[in-house]
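A short worksheet on the structure shown next.
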Amino acid sequence: PNYRWFWLGMFISFTAINLQVVARNWLVYEMTDSQRAVGWVAFAYGIPILFLSLYGGVAAERVSKRTLLLWTQVGNGIIALIISVLITTGDIQLWHLIVAAAFTGILFAFHIPARFSIIPELVREREYMNAVALNSFSWNFSVLLSSVGALLLPVIDVEGVFWITTAAFFISIGLIFMLPVGGSALRSAGESIWVELAEGMRYINKHTILRSLLAVAFVCIIFGLPYGNLMPDFAKKVFDVGEMGYGFLVSAPAVGALVVSLIVASLRDFKKKGLAVMALAFFFGVGLILFAVSGNYYLALVFLIAVGGVSAGYFSLHNTLMQIIVPPTMLGRVMGVYVIMLSFMSLGTLPLSYIADAKDASLAIGLGGGAIALVAIAVMLTIPKVRRLE
(Lines give C-alpha, C1' and ligand atoms only; values in the text may rest on other atoms or scores of the structure.)
Protein backbone atom coordinates (compact mmCIF):
# COMPACT_ATOMS: atom_id res chain seq x y z
CA PRO A 1 0.00 0.00 0.00
CA ASN A 2 2.79 2.48 0.81
CA TYR A 3 4.44 1.79 -2.54
CA ARG A 4 1.06 2.39 -4.19
CA TRP A 5 0.85 5.94 -2.80
CA PHE A 6 4.49 6.54 -3.71
CA TRP A 7 3.97 5.25 -7.25
CA LEU A 8 0.86 7.33 -7.86
CA GLY A 9 2.47 10.51 -6.53
CA MET A 10 5.60 9.97 -8.60
CA PHE A 11 3.56 9.17 -11.71
CA ILE A 12 1.70 12.48 -11.49
CA SER A 13 4.97 14.27 -10.76
CA PHE A 14 6.69 12.58 -13.72
CA THR A 15 3.82 13.63 -15.97
CA ALA A 16 4.20 17.24 -14.85
CA ILE A 17 7.99 17.20 -15.34
CA ASN A 18 7.85 15.66 -18.81
CA LEU A 19 4.97 17.84 -19.94
CA GLN A 20 6.88 20.88 -18.74
CA VAL A 21 10.02 19.88 -20.66
CA VAL A 22 8.10 19.22 -23.88
CA ALA A 23 6.23 22.55 -23.68
CA ARG A 24 9.32 24.48 -22.57
CA ASN A 25 11.47 23.18 -25.43
CA TRP A 26 8.83 24.19 -27.95
CA LEU A 27 8.31 27.58 -26.29
CA VAL A 28 12.03 28.35 -26.32
CA TYR A 29 12.38 27.23 -29.93
CA GLU A 30 9.40 29.38 -30.97
CA MET A 31 10.76 32.41 -29.07
CA THR A 32 14.28 32.18 -30.49
CA ASP A 33 14.16 29.93 -33.60
CA SER A 34 17.38 28.42 -32.24
CA GLN A 35 18.20 24.91 -31.01
CA ARG A 36 21.10 26.48 -29.12
CA ALA A 37 18.68 28.37 -26.88
CA VAL A 38 17.01 25.06 -26.02
CA GLY A 39 20.50 23.73 -25.27
CA TRP A 40 21.27 26.59 -22.88
CA VAL A 41 18.07 26.05 -20.92
CA ALA A 42 18.91 22.35 -20.62
CA PHE A 43 22.47 23.29 -19.60
CA ALA A 44 21.14 25.54 -16.81
CA TYR A 45 19.10 22.60 -15.56
CA GLY A 46 22.04 20.18 -15.63
CA ILE A 47 24.73 22.29 -13.92
CA PRO A 48 23.26 22.26 -10.37
CA ILE A 49 22.54 18.54 -10.69
CA LEU A 50 26.20 17.97 -11.55
CA PHE A 51 27.47 19.78 -8.45
CA LEU A 52 24.78 19.00 -5.88
CA SER A 53 23.71 15.40 -6.49
CA LEU A 54 26.34 13.92 -4.17
CA TYR A 55 24.99 16.15 -1.41
CA GLY A 56 21.52 14.95 -2.34
CA GLY A 57 22.68 11.36 -1.98
CA VAL A 58 24.10 12.00 1.49
CA ALA A 59 20.94 13.89 2.47
CA ALA A 60 18.86 10.86 1.45
CA GLU A 61 20.73 8.85 4.10
CA ARG A 62 20.71 11.54 6.80
CA VAL A 63 17.10 12.75 6.76
CA SER A 64 13.70 11.25 6.04
CA LYS A 65 13.32 10.46 2.34
CA ARG A 66 9.63 11.34 2.62
CA THR A 67 10.61 14.81 3.82
CA LEU A 68 13.01 15.30 0.90
CA LEU A 69 10.39 14.17 -1.61
CA LEU A 70 7.78 16.45 -0.07
CA TRP A 71 9.77 19.68 0.02
CA THR A 72 11.35 19.25 -3.38
CA GLN A 73 7.87 18.78 -4.84
CA VAL A 74 6.68 21.94 -3.08
CA GLY A 75 9.55 23.80 -4.74
CA ASN A 76 8.67 22.38 -8.16
CA GLY A 77 5.06 23.47 -7.72
CA ILE A 78 6.03 27.04 -6.82
CA ILE A 79 8.41 27.34 -9.80
CA ALA A 80 5.75 26.00 -12.19
CA LEU A 81 3.22 28.47 -10.77
CA ILE A 82 5.53 31.45 -11.32
CA ILE A 83 6.32 30.49 -14.93
CA SER A 84 2.64 29.87 -15.67
CA VAL A 85 1.75 33.35 -14.39
CA LEU A 86 4.53 34.93 -16.49
CA ILE A 87 3.30 33.17 -19.63
CA THR A 88 -0.31 34.19 -18.96
CA THR A 89 0.62 37.85 -18.43
CA GLY A 90 2.83 37.87 -21.54
CA ASP A 91 5.93 38.81 -19.54
CA ILE A 92 7.86 35.58 -20.08
CA GLN A 93 11.43 35.94 -21.32
CA LEU A 94 14.21 33.48 -22.09
CA TRP A 95 16.12 34.36 -18.92
CA HIS A 96 13.08 33.47 -16.81
CA LEU A 97 13.11 29.96 -18.26
CA ILE A 98 16.87 29.62 -17.75
CA VAL A 99 16.64 30.66 -14.09
CA ALA A 100 13.62 28.40 -13.51
CA ALA A 101 15.50 25.49 -15.08
CA ALA A 102 18.47 26.11 -12.77
CA PHE A 103 16.28 26.11 -9.63
CA THR A 104 14.49 22.99 -10.84
CA GLY A 105 17.89 21.33 -11.28
CA ILE A 106 18.77 22.15 -7.66
CA LEU A 107 15.59 20.46 -6.45
CA PHE A 108 16.14 17.50 -8.78
CA ALA A 109 19.59 16.89 -7.26
CA PHE A 110 17.96 16.20 -3.89
CA HIS A 111 14.73 14.66 -5.14
CA ILE A 112 16.02 11.84 -7.32
CA PRO A 113 18.41 10.13 -4.84
CA ALA A 114 15.55 10.06 -2.32
CA ARG A 115 13.13 8.72 -4.93
CA PHE A 116 15.42 5.86 -5.97
CA SER A 117 16.65 4.93 -2.49
CA ILE A 118 13.24 4.93 -0.79
CA ILE A 119 12.06 1.88 -2.79
CA PRO A 120 13.80 -0.71 -0.52
CA GLU A 121 11.86 0.81 2.41
CA LEU A 122 8.53 0.18 0.65
CA VAL A 123 8.89 -3.33 -0.85
CA ARG A 124 10.58 -6.65 -0.10
CA GLU A 125 13.92 -7.51 -1.71
CA ARG A 126 12.47 -10.11 -4.07
CA GLU A 127 10.13 -7.41 -5.42
CA TYR A 128 12.86 -4.88 -6.24
CA MET A 129 12.92 -5.58 -9.98
CA ASN A 130 9.14 -5.34 -10.25
CA ALA A 131 9.04 -2.14 -8.19
CA VAL A 132 11.85 -0.48 -10.17
CA ALA A 133 10.23 -1.56 -13.44
CA LEU A 134 6.88 -0.13 -12.30
CA ASN A 135 8.73 3.08 -11.48
CA SER A 136 10.17 3.03 -14.99
CA PHE A 137 6.70 2.30 -16.37
CA SER A 138 5.28 5.34 -14.59
CA TRP A 139 8.05 7.50 -16.08
CA ASN A 140 7.46 6.20 -19.60
CA PHE A 141 3.69 6.38 -19.34
CA SER A 142 4.08 9.97 -18.16
CA VAL A 143 6.26 10.67 -21.20
CA LEU A 144 3.46 9.32 -23.37
CA LEU A 145 0.90 11.53 -21.61
CA SER A 146 3.21 14.54 -21.95
CA SER A 147 3.39 13.80 -25.66
CA VAL A 148 -0.40 14.13 -25.77
CA GLY A 149 0.22 17.53 -24.24
CA ALA A 150 2.44 18.33 -27.20
CA LEU A 151 -0.39 17.31 -29.53
CA LEU A 152 -2.61 19.74 -27.60
CA LEU A 153 -0.23 22.67 -28.13
CA PRO A 154 -2.17 23.93 -31.16
CA VAL A 155 -5.39 23.76 -29.08
CA ILE A 156 -4.56 25.04 -25.56
CA ASP A 157 -1.22 26.70 -26.35
CA VAL A 158 1.87 26.59 -24.12
CA GLU A 159 0.05 28.58 -21.44
CA GLY A 160 -2.58 25.87 -20.91
CA VAL A 161 0.06 23.14 -20.77
CA PHE A 162 2.03 24.96 -18.06
CA TRP A 163 -1.08 25.45 -15.93
CA ILE A 164 -1.74 21.71 -16.17
CA THR A 165 1.79 20.99 -14.90
CA THR A 166 1.30 23.39 -12.00
CA ALA A 167 -1.87 21.60 -10.90
CA ALA A 168 -0.17 18.21 -11.25
CA PHE A 169 2.72 19.18 -8.96
CA PHE A 170 0.36 20.23 -6.17
CA ILE A 171 -1.70 17.02 -6.52
CA SER A 172 1.56 15.05 -6.21
CA ILE A 173 2.36 16.88 -2.97
CA GLY A 174 -0.93 15.69 -1.47
CA LEU A 175 -0.16 12.07 -2.39
CA ILE A 176 3.32 12.19 -0.85
CA PHE A 177 1.61 13.17 2.42
CA MET A 178 0.02 9.71 2.35
CA LEU A 179 3.42 8.02 2.80
CA PRO A 180 4.22 6.91 6.36
CA VAL A 181 6.16 9.38 8.47
CA GLY A 182 8.59 6.59 9.46
CA GLY A 183 11.61 5.51 7.44
CA SER A 184 13.82 8.25 8.82
CA ALA A 185 17.54 8.63 8.45
CA LEU A 186 19.67 5.53 8.12
CA ARG A 187 22.48 7.32 9.89
CA SER A 188 22.91 10.45 11.98
CA ALA A 189 25.01 13.37 10.83
CA GLY A 190 27.92 12.39 13.04
CA GLU A 191 30.57 12.39 10.34
CA SER A 192 31.58 15.22 8.03
CA ILE A 193 29.67 15.25 4.76
CA TRP A 194 33.02 15.24 2.94
CA VAL A 195 34.04 12.07 4.76
CA GLU A 196 30.82 10.38 3.71
CA LEU A 197 31.18 11.57 0.11
CA ALA A 198 34.74 10.21 -0.01
CA GLU A 199 33.55 6.92 1.47
CA GLY A 200 30.93 6.62 -1.24
CA MET A 201 33.46 7.29 -4.01
CA ARG A 202 35.89 4.73 -2.56
CA TYR A 203 33.09 2.18 -2.42
CA ILE A 204 32.32 2.67 -6.12
CA ASN A 205 35.99 2.64 -7.09
CA LYS A 206 36.76 -0.70 -5.46
CA HIS A 207 33.74 -2.55 -6.92
CA THR A 208 34.51 -3.42 -10.54
CA ILE A 209 30.97 -4.49 -11.41
CA LEU A 210 29.34 -1.36 -10.00
CA ARG A 211 31.97 0.85 -11.62
CA SER A 212 31.39 -0.83 -14.99
CA LEU A 213 27.61 -0.52 -14.74
CA LEU A 214 27.90 3.18 -13.94
CA ALA A 215 30.40 3.73 -16.78
CA VAL A 216 28.09 2.21 -19.40
CA ALA A 217 25.13 4.16 -17.99
CA PHE A 218 27.17 7.37 -18.26
CA VAL A 219 27.87 6.74 -21.95
CA CYS A 220 24.18 5.97 -22.60
CA ILE A 221 23.14 9.15 -20.80
CA ILE A 222 25.58 11.63 -22.35
CA PHE A 223 25.51 10.25 -25.91
CA GLY A 224 22.01 8.78 -26.05
CA LEU A 225 19.38 10.51 -23.93
CA PRO A 226 19.86 14.07 -25.31
CA TYR A 227 18.17 12.97 -28.53
CA GLY A 228 14.81 13.92 -27.00
CA ASN A 229 15.82 17.57 -26.63
CA LEU A 230 16.65 17.76 -30.35
CA MET A 231 13.12 16.84 -31.47
CA PRO A 232 12.07 20.50 -32.15
CA ASP A 233 14.87 20.66 -34.73
CA PHE A 234 13.76 17.39 -36.34
CA ALA A 235 10.15 18.59 -36.40
CA LYS A 236 10.93 21.91 -38.07
CA LYS A 237 14.10 21.49 -40.11
CA VAL A 238 14.62 17.79 -40.82
CA PHE A 239 11.04 16.57 -41.42
CA ASP A 240 9.07 19.87 -41.53
CA VAL A 241 6.03 18.45 -39.69
CA GLY A 242 5.17 21.32 -37.30
CA GLU A 243 3.64 21.13 -33.82
CA MET A 244 1.56 18.03 -34.47
CA GLY A 245 4.52 16.16 -35.95
CA TYR A 246 6.63 17.26 -32.98
CA GLY A 247 4.06 15.66 -30.68
CA PHE A 248 4.33 12.34 -32.49
CA LEU A 249 8.14 12.48 -32.48
CA VAL A 250 8.29 12.88 -28.70
CA SER A 251 5.54 10.31 -28.11
CA ALA A 252 6.96 7.51 -30.28
CA PRO A 253 9.78 6.53 -27.86
CA ALA A 254 7.28 6.57 -24.99
CA VAL A 255 5.11 3.97 -26.75
CA GLY A 256 8.02 1.52 -26.98
CA ALA A 257 9.16 2.34 -23.46
CA LEU A 258 5.69 1.77 -22.07
CA VAL A 259 5.39 -1.68 -23.60
CA VAL A 260 8.86 -2.80 -22.48
CA SER A 261 8.38 -1.41 -18.96
CA LEU A 262 5.20 -3.44 -18.57
CA ILE A 263 6.99 -6.55 -19.79
CA VAL A 264 9.87 -6.07 -17.33
CA ALA A 265 7.46 -5.28 -14.48
CA SER A 266 5.64 -8.56 -15.08
CA LEU A 267 8.77 -10.73 -15.28
CA ARG A 268 9.76 -13.14 -12.58
CA ASP A 269 13.31 -12.98 -11.30
CA PHE A 270 15.69 -14.32 -13.95
CA LYS A 271 19.39 -15.04 -14.37
CA LYS A 272 21.91 -13.33 -16.66
CA LYS A 273 20.67 -9.82 -15.88
CA GLY A 274 24.17 -8.48 -16.56
CA LEU A 275 24.22 -9.93 -20.08
CA ALA A 276 20.71 -8.61 -20.73
CA VAL A 277 21.56 -5.08 -19.61
CA MET A 278 24.66 -4.94 -21.86
CA ALA A 279 22.70 -6.28 -24.84
CA LEU A 280 20.01 -3.64 -24.32
CA ALA A 281 22.64 -0.89 -24.18
CA PHE A 282 24.07 -2.14 -27.49
CA PHE A 283 20.66 -2.11 -29.19
CA PHE A 284 19.96 1.36 -27.76
CA GLY A 285 22.99 2.62 -29.69
CA VAL A 286 22.00 0.75 -32.85
CA GLY A 287 18.47 2.15 -32.66
CA LEU A 288 19.78 5.71 -32.47
CA ILE A 289 21.95 5.12 -35.54
CA LEU A 290 18.98 3.77 -37.50
CA PHE A 291 16.83 6.74 -36.48
CA ALA A 292 19.57 9.19 -37.49
CA VAL A 293 19.98 7.73 -40.98
CA SER A 294 16.30 6.95 -41.64
CA GLY A 295 15.62 10.08 -43.73
CA ASN A 296 11.87 9.44 -43.63
CA TYR A 297 9.44 10.75 -41.01
CA TYR A 298 7.32 7.59 -40.70
CA LEU A 299 10.33 5.28 -40.68
CA ALA A 300 11.90 7.53 -38.04
CA LEU A 301 8.81 7.06 -35.84
CA VAL A 302 9.23 3.27 -36.06
CA PHE A 303 12.89 3.49 -35.03
CA LEU A 304 12.01 5.89 -32.20
CA ILE A 305 9.53 3.35 -30.82
CA ALA A 306 12.36 0.77 -30.81
CA VAL A 307 14.78 3.26 -29.20
CA GLY A 308 12.28 4.00 -26.44
CA GLY A 309 11.71 0.30 -25.80
CA VAL A 310 15.33 -0.81 -25.52
CA SER A 311 16.35 2.25 -23.47
CA ALA A 312 13.50 1.63 -21.00
CA GLY A 313 14.52 -2.01 -20.66
CA TYR A 314 18.14 -1.02 -20.20
CA PHE A 315 17.58 1.56 -17.46
CA SER A 316 15.04 -0.64 -15.62
CA LEU A 317 17.48 -3.54 -15.41
CA HIS A 318 20.42 -1.24 -14.65
CA ASN A 319 18.63 0.35 -11.70
CA THR A 320 17.47 -3.04 -10.47
CA LEU A 321 21.03 -4.35 -10.41
CA MET A 322 22.18 -1.34 -8.41
CA GLN A 323 19.36 -1.84 -5.88
CA ILE A 324 20.50 -5.45 -5.47
CA ILE A 325 24.29 -5.10 -5.25
CA VAL A 326 24.54 -1.87 -3.21
CA PRO A 327 23.78 -2.02 0.56
CA PRO A 328 21.10 0.39 1.89
CA THR A 329 23.67 2.34 3.94
CA MET A 330 25.51 3.23 0.72
CA LEU A 331 22.64 3.37 -1.76
CA GLY A 332 21.85 7.06 -1.32
CA ARG A 333 25.41 8.10 -2.14
CA VAL A 334 25.63 5.72 -5.11
CA MET A 335 22.35 7.09 -6.43
CA GLY A 336 23.79 10.58 -5.94
CA VAL A 337 26.60 9.65 -8.33
CA TYR A 338 24.02 8.22 -10.71
CA VAL A 339 22.04 11.47 -10.65
CA ILE A 340 25.26 13.38 -11.41
CA MET A 341 25.53 11.23 -14.51
CA LEU A 342 21.90 12.00 -15.38
CA SER A 343 22.83 15.70 -15.39
CA PHE A 344 24.97 15.02 -18.45
CA MET A 345 21.79 14.37 -20.43
CA SER A 346 21.11 18.09 -20.09
CA LEU A 347 24.76 19.14 -20.32
CA GLY A 348 25.28 16.96 -23.40
CA THR A 349 22.35 18.69 -25.12
CA LEU A 350 24.32 21.94 -25.48
CA PRO A 351 27.14 20.73 -27.77
CA LEU A 352 24.66 18.62 -29.74
CA SER A 353 22.44 21.67 -30.22
CA TYR A 354 25.38 23.62 -31.65
CA ILE A 355 26.01 20.77 -34.10
CA ALA A 356 22.31 20.79 -34.99
CA ASP A 357 22.32 24.52 -35.75
CA ALA A 358 25.65 24.46 -37.60
CA LYS A 359 25.42 21.13 -39.40
CA ASP A 360 22.83 18.40 -38.84
CA ALA A 361 21.10 16.96 -35.76
CA SER A 362 21.10 13.53 -37.41
CA LEU A 363 24.91 13.49 -37.46
CA ALA A 364 25.17 14.18 -33.72
CA ILE A 365 22.66 11.48 -32.81
CA GLY A 366 24.25 8.91 -35.13
CA LEU A 367 27.71 9.45 -33.66
CA GLY A 368 26.30 9.14 -30.15
CA GLY A 369 24.58 5.87 -31.00
CA GLY A 370 27.83 4.47 -32.39
CA ALA A 371 29.69 5.36 -29.18
CA ILE A 372 27.08 3.58 -27.04
CA ALA A 373 27.15 0.41 -29.13
CA LEU A 374 30.97 0.22 -29.08
CA VAL A 375 31.24 0.75 -25.31
CA ALA A 376 28.57 -1.88 -24.61
CA ILE A 377 30.42 -4.45 -26.73
CA ALA A 378 33.76 -3.57 -25.10
CA VAL A 379 32.44 -4.01 -21.54
CA MET A 380 30.63 -7.23 -22.45
CA LEU A 381 33.80 -8.75 -23.91
CA THR A 382 36.44 -7.47 -21.46
CA ILE A 383 34.65 -7.67 -18.08
CA PRO A 384 33.09 -11.15 -17.77
CA LYS A 385 31.89 -10.42 -14.22
CA VAL A 386 29.35 -7.98 -15.62
CA ARG A 387 27.83 -10.34 -18.20
CA ARG A 388 27.65 -13.12 -15.60
CA LEU A 389 25.84 -10.91 -13.08
CA GLU A 390 22.66 -12.60 -11.90
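This one's a predicted model, so the numbers in the text were calculated from it and none came from an experiment.
Counting only heavy atoms from C-beta outward, the side chains of F248 and V241 never approach each other to under 4.5 Å. Contact check for V375 versus F223: no side-chain heavy atoms found under the 4.5 Å cut-off. V38 has its side chain out of reach of L230: every pair of non-hydrogen atoms, C-beta onward, lies at least 4.5 Å apart.
Between H318 and F315, the ring-plane angle classifies as perpendicular under the 30° and 60° cut-offs.
Residues F6 and Y3 place their aromatic rings such that the two centres sit under 6.0 Å apart.
Here the closest non-hydrogen pair linking P253 and V250 is CD-O, 3.6 Å. Annotation for V307 and L288: closest pair CG2-N, 3.6 Å, computed over non-hydrogen atoms. Of all non-hydrogen atoms in S212 and V379, the two that sit nearest each other are CB-CG1, 4.4 Å. Pairing each heavy atom of I49 with each of F108, the nearest pair is CD1-CD2, 3.4 Å.
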Which donor-acceptor pairs under 3.5 Å do side chains of residues 79-87 form with protein atoms, sequence neighbours excluded?
from : atom 1 : to   : atom 2 : distance (Å)
S84  : OG     : A80  : O      : 2.8
S84  : OG     : F162 : O      : 3.1
S84  : OG     : T166 : OG1    : 2.9

Please output the side-chain donor-acceptor pairs of residues 275-284 that fall under 3.5 Å, not counting sequence neighbours, one pair per line with the distance.
none

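The hydrophobic cluster analysis finds L374 isolated: no Ile, Leu, Val, Met, Phe, Trp or Tyr side chain comes under 4.5 Å of it, directly or through other members.
The stretch residues 279-302 participates, sequence neighbours left out, in no side-chain hydrogen bond (donor to acceptor under 3.5 Å, both in side chains) pair at all. The salt bridge (charged side-chain N to carboxylate O under 4.0 Å, His left out) contacts involving residues 24-33 comprise E30-K236, where partners must be two or more places apart or lie in separate chains. Sequence neighbours left out, not one pair with a member in residues 308-323 passes salt bridge (charged side-chain N to carboxylate O under 4.0 Å, His left out).
Rounding to the nearest 0.5 angstrom, the gap separating the CD1 atom in I372 from the CD1 atom in I221 is 10.0 Å. Atom CD1 of I17 is separated from atom CD1 of I12 by 12.0 Å, given to the nearest 0.5 angstrom. We find the CZ-CG distance between F103 and N76 to be 12.5 Å, quoted to the nearest 0.5 Å. Summarising the geometry, atom OG belonging to S362 is positioned 4.0 Å from atom CZ belonging to F234; distances are rounded to the nearest 0.5 Å. Remark: I106 CD1 to L52 CG distance equals 6.5 Å, nearest 0.5 Å. In this structure, the separation between CG on L299 and CG on L304 is 10.0 Å, given to the nearest 0.5 Å.
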Full working for side chain to side chain contact (heavy atoms under 4.5 Å, CB included) between L94 and V41: CA-CA 8 Å; L94 179 61; V41 174; 4.0 Å; yes

Can you list the steps and then say if Q20 with F169 is a side chain to side chain contact (heavy atoms under 4.5 Å, CB included)? CA-CA 11 Å; Q20 194 176 69; F169 277 126; 4.0 Å; yes

For V310 and V260, run side chain to side chain contact (heavy atoms under 4.5 Å, CB included): C-alpha distance rounded to whole Å, both residues' side-chain angles, the deciding distance at 0.1 Å, then the answer. CA-CA 7 Å; V310 293; V260 172; over 6 Å; no

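Side chain to side chain, D233 and Y29 meet the donor-acceptor criterion of an N or O pair below 3.5 Å.
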